[in-house]
Amino acid sequence: MQVPVLPSTPAWHAPRAGAASDAPAAPRRTGLRRLVSPAAITGSLTELAWVGAHTLLYPLGTRTERLRPDGSYRPHPQPAAVRALFAADPLAARIPVVLVHGLVDNRSVFAVMRRGLRRRGFTQVGTWNYSPLLRDVESAAEALGQHIEEVCRATGHDRVHVVGHSLGGLVARYLVQRLGGDARVESLVTLGTPHGGSRWAHVLPTRLVRQLRPGSALFQELAAPAPACRTRVTAVYSDLDQMVVPSSAGRCDHPDLQARNVLVPGVGHMSLPIHRGVVDEVAATLAGLRTEADDTPVAAA
């Protein structure tokens, strides 16, 4: 299966270019040449700037917010781009969206994405904080499941969307794949999630970090058959991810999940939730415009 490559700034609802394009493919850089390319340098500088800004925002995100519908964000009247995003399914704008952060982080990492999704017409976008003293992925997945149940009760919806950054995506995947969370989660989008583990996990010996080692018992469990899983999964990953090593581990290749894998070139790990192209891709996915049939390559910016 070919992997779509995400442009840096696609239109909110732009269709992907087909594989039959007659434009010549650019040669792929490898190794050192890729790391010193203009795109990689720009991505690295953006990553450094966002990490500094995120450090300042971090204290503001220590408390979990409650999901509350905001009457000022409605599908109509809205700009033409927003109306087009939900043209096929206007009710998709009202399905609650739950954003789940990564390890040693909090909801402040979604400051840009949360606002971006609301500007694109999603009326109920909330975040969820889990404990920084998290013991393991399993317990976090159980807690996320309880939070989603609360969201469903509060909003009256039977199902939600989940967007998980880094470890947050793995927690959500465990929920839908192993704990029956697919009954509540309509679609899951992961950003820079180590679906295949990360070599950095060998640095720390804590129980949670050991679970993130390639081939760990956790990943063996996630590799088990899951034929009844109903949640649509999209894995967005980058070739410049400093935390998911190798970067291909950001792909989700479980055969039963039939996941879409979207490559974003030249974007750092922490920059994924603020990247405009990523926010556009998340919005299009949650609006139902990205399906398995869309899994074709497009030109990178």
Engineer: Nearest 0.5 Å please: distance from the CG atom of D182 over to the CZ atom of R159.
Structural biologist: 7.0 Å
Engineer: Evaluate side-chain hydrogen bond (donor to acceptor under 3.5 Å, both in side chains) for E138 paired with Q211, printing each intermediate quantity in order.
Structural biologist: CA-CA 10 Å; E138 296 90 329; Q211 287 189 307; 2.9 Å; yes
Engineer: Looking at side-chain heavy atoms only, is the closest gap between L286 and V163 below 4.5 Å?
Structural biologist: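 Answer yes - side chains close enough.
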Engineer: Passes side chain to side chain contact (heavy atoms under 4.5 Å, CB included), V160 versus E186? Steps please.
Structural biologist: CA-CA 6 Å; V160 304; E186 179 73 19; over 6 Å; no
Engineer: If Ile, Leu, Val, Met, Phe, Trp and Tyr residues are connected whenever their side-chain heavy atoms lie under 4.5 Å apart, and connections chain through other members, are V104 and V137 in the same group?
Structural biologist: yes
Engineer: If every non-hydrogen atom of A87 is compared with every non-hydrogen atom of P90, which pair is closest and at what distance?
Structural biologist: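 So the two residues come closest at O-CD, 4.1 Å.
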Engineer: Looking at side-chain heavy atoms only, is the closest gap between Q258 and V233 below 4.5 Å?
Structural biologist: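 They are not in side-chain contact.
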Engineer: Which value, rounded to the nearest 0.5 Å, describes the distance between L257 atom CG and T234 atom OG1?
Structural biologist: 11.0 Å
Engineer: Can you tell me how far apart CG (L272) and NE2 (H165) are? Round to the nearest 0.5 Å.
Structural biologist: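 Output value for this atom pair is 5.5 Å.
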Engineer: Distance from Q177 atom CD to L170 atom CG, nearest 0.5 Å?
Structural biologist: 9.5 Å
Engineer: Let me see the working for V125 and M113 under side chain to side chain contact (heavy atoms under 4.5 Å, CB included), right down to the final yes or no.
Structural biologist: CA-CA 10 Å; V125 184; M113 178 166 286; over 6 Å; no
Engineer: Please step through ring pair (Phe, Tyr, Trp, His ring centres under 6.0 Å) for the pair Y174 and F219, ending with a clear verdict.
Structural biologist: CA-CA 10 Å; Y174 192 93; F219 290 115; over 10 Å; no
Engineer: Do you know which two heavy atoms are closest between P246 and R199, and how far apart they sit?
Structural biologist: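 Closest approach of P246 to R199, heavy atoms only: CD-NE, 3.9 Å.
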Engineer: Can you hop from V162 to V151 via hydrophobic side chains spaced under 4.5 Å?
Structural biologist: yes
Engineer: CZ/R173 to SG/C252 distance, rounded to the nearest 0.5 angstrom?
Structural biologist: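 Reported value, rounded in 0.5 Å steps: 4.0 Å.
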Engineer: Please report the shortest heavy-atom distance between G250 and A235, naming the atom on each side.
Structural biologist: O-CB, 3.7 Å
Engineer: Return yes if some donor-acceptor pair links the side-chain N/O of S139 with the main-chain N/O of D136 below 3.5 Å, else return no.
Structural biologist: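 Between the backbone of D136 and the side chain of S139 there is a qualifying donor-acceptor contact (under 3.5 Å).
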Engineer: State, to 0.1 Å, how close S198 and P214 come at their nearest heavy-atom pair, and which atoms those are.
Structural biologist: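 So the minimum-distance heavy-atom pair works out to O-CD, 3.5 Å.
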Engineer: Return yes if some donor-acceptor pair links the side-chain N/O of N129 with the main-chain N/O of R107 below 3.5 Å, else return no.
Structural biologist: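 Present.
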Engineer: If you apply the rule salt bridge (Lys or Arg N to Asp or Glu O under 4.0 Å), what do you find for E281 with R276, and how did you get there?
Structural biologist: CA-CA 9 Å; E281 180 68 18; R276 178 181 174 184; over 6 Å; no
Engineer: Measuring only between side-chain heavy atoms, which start at C-beta, is L167 closer than 4.5 Å to Y130?
Structural biologist: yes
Engineer: Show your reasoning for whether side chain to side chain contact (heavy atoms under 4.5 Å, CB included) applies to N261 and D253.
Structural biologist: CA-CA 8 Å; N261 292 292; D253 290 320; 3.2 Å; yes
Engineer: Between T231 and V185 (side chain of the first, backbone of the second, donor and acceptor by atom type, cut-off under 3.5 Å), is there such a pair?
Structural biologist: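 Judged by distance alone, yes, a pair lies under 3.5 Å.
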Engineer: Going by heavy atoms in the side chains, are V97 and V282 under 4.5 Å from each other?
Structural biologist: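 In short, these two side chains do not touch, never coming nearer than 4.5 Å.
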Engineer: With clusters defined by side-chain heavy atoms of hydrophobic residues (ILVMFWY) lying less than 4.5 Å apart, directly or transitively, does L117 cluster with I95?
Structural biologist: no
Engineer: For the SG atom of C152 and the CD atom of E149, what is their distance to the nearest 0.5 Å?
Structural biologist: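 Answer for the SG-CD pair, C152 versus E149, is 6.0 Å.
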Engineer: Does any part of the side chain of D280, heavy atoms only, come nearer than 4.5 Å to the side chain of R120, both counted from C-beta?
Structural biologist: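 R120 vs D280: side chains touch.
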Engineer: Are R135 and L208 close enough that some pair of their side-chain heavy atoms sits under 4.5 Å apart?
Structural biologist: no
Engineer: Give me the atom names and distance for the closest heavy-atom approach of G197 to A249.
Structural biologist: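 The pair with the smallest heavy-atom distance is O-CB, 3.2 Å.
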Engineer: What closest approach, in Å, do R94 and T123 show between heavy atoms, and which atom pair accounts for it?
Structural biologist: CA-OG1, 3.5 Å
Engineer: Less than 4.5 Å apart, side chain to side chain, heavy atoms only: is that true for D239 and V267?
Structural biologist: no
Engineer: Check R184, H147, Q124, H161 against V98 for a side-chain contact (heavy atoms from CB on, under 4.5 Å) and give me the one that passes.
Structural biologist: H147
Engineer: Do V244 and V171 share a hydrophobic cluster, counting only Ile, Leu, Val, Met, Phe, Trp and Tyr and linking them when any side-chain heavy atoms are less than 4.5 Å apart?
Structural biologist: no
Engineer: Ignoring hydrogens and geometry beyond distance, is a side-chain donor-acceptor pair present between S166 and H269 at under 3.5 Å?
Structural biologist: yes
Engineer: Can you get from L263 to M243 by hopping between Ile, Leu, Val, Met, Phe, Trp and Tyr side chains that sit under 4.5 Å apart?
Structural biologist: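 Cluster IDs for L263 and M243 differ.
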Engineer: Please assess H254 against H195 for the test ring pair (Phe, Tyr, Trp, His ring centres under 6.0 Å), listing each intermediate value before the final yes or no.
Structural biologist: CA-CA 9 Å; H254 195 292; H195 290 286; over 10 Å; no
Engineer: Apply side-chain hydrogen bond (donor to acceptor under 3.5 Å, both in side chains) to S238 and D241, showing your working.
Structural biologist: CA-CA 5 Å; S238 172; D241 196 313; over 6 Å; no
Engineer: For the pair W128 and L99, evaluate side chain to side chain contact (heavy atoms under 4.5 Å, CB included) and give the outcome as yes or no after the intermediate values.
Structural biologist: CA-CA 6 Å; W128 177 67; L99 308 177; over 6 Å; no
Engineer: Indicate yes or no: at least one non-hydrogen side-chain atom of V262 is less than 4.5 angstrom from one of Y237.
Structural biologist: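 Contact flag for V262/Y237 side chains = no.
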